[in-house]
Amino acid sequence: MIAIQNARLYQDIVDERERMIDFQEEARKKLARDLHDGPTQFVSAIAMRINLARRMLSKDPGQSVMNWGASRIWPAAQ
């Protein structure tokens, strides 16, 4: 009887360990995605805004980004 209980308890521990490993792996993958996606999007947005500013300046330097409104290119500048 004790041997059966020990076998069940051992299997419960093995199952729980597998669940913990799966949970940790999913958490690691999510963190990796979040770290990759967030900064990548941020850098892309900055690059697009810089390109927009360059095109505006090359078309008509007199109507620079400041005349158009820096807040439209850099919302945080408000």
Evaluate Q11 against R8 for side chain to side chain contact (heavy atoms under 4.5 Å, CB included), listing each step before the verdict. CA-CA 5 Å; Q11 188 59 47; R8 286 183 184 151; 5.7 Å; no

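- V43 and L35 fall into different hydrophobic clusters, where Ile, Leu, Val, Met, Phe, Trp and Tyr residues are linked whenever their side-chain heavy atoms come under 4.5 Å apart, directly or through other members.
- Partner of L52 under the side chain to side chain contact (heavy atoms under 4.5 Å, CB included) criterion, out of R55, R49, R54: R55 alone.
- Interatomic distance, CD of Q24 versus CD of E26, reported as 11.5 Å (0.5 Å rounding).
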Assess whether salt bridge (Lys or Arg N to Asp or Glu O under 4.0 Å) is satisfied between D34 and K30, documenting all intermediate values. CA-CA 6 Å; D34 291 348; K30 182 182 183 314; 2.8 Å; yes

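- One distance of note links CZ of R17 with CZ of R19; it measures 13.0 Å at 0.5 Å rounding.
- Here the CD atom belonging to E25 is positioned 14.0 Å from the CE atom belonging to M20, to the nearest 0.5 angstrom.
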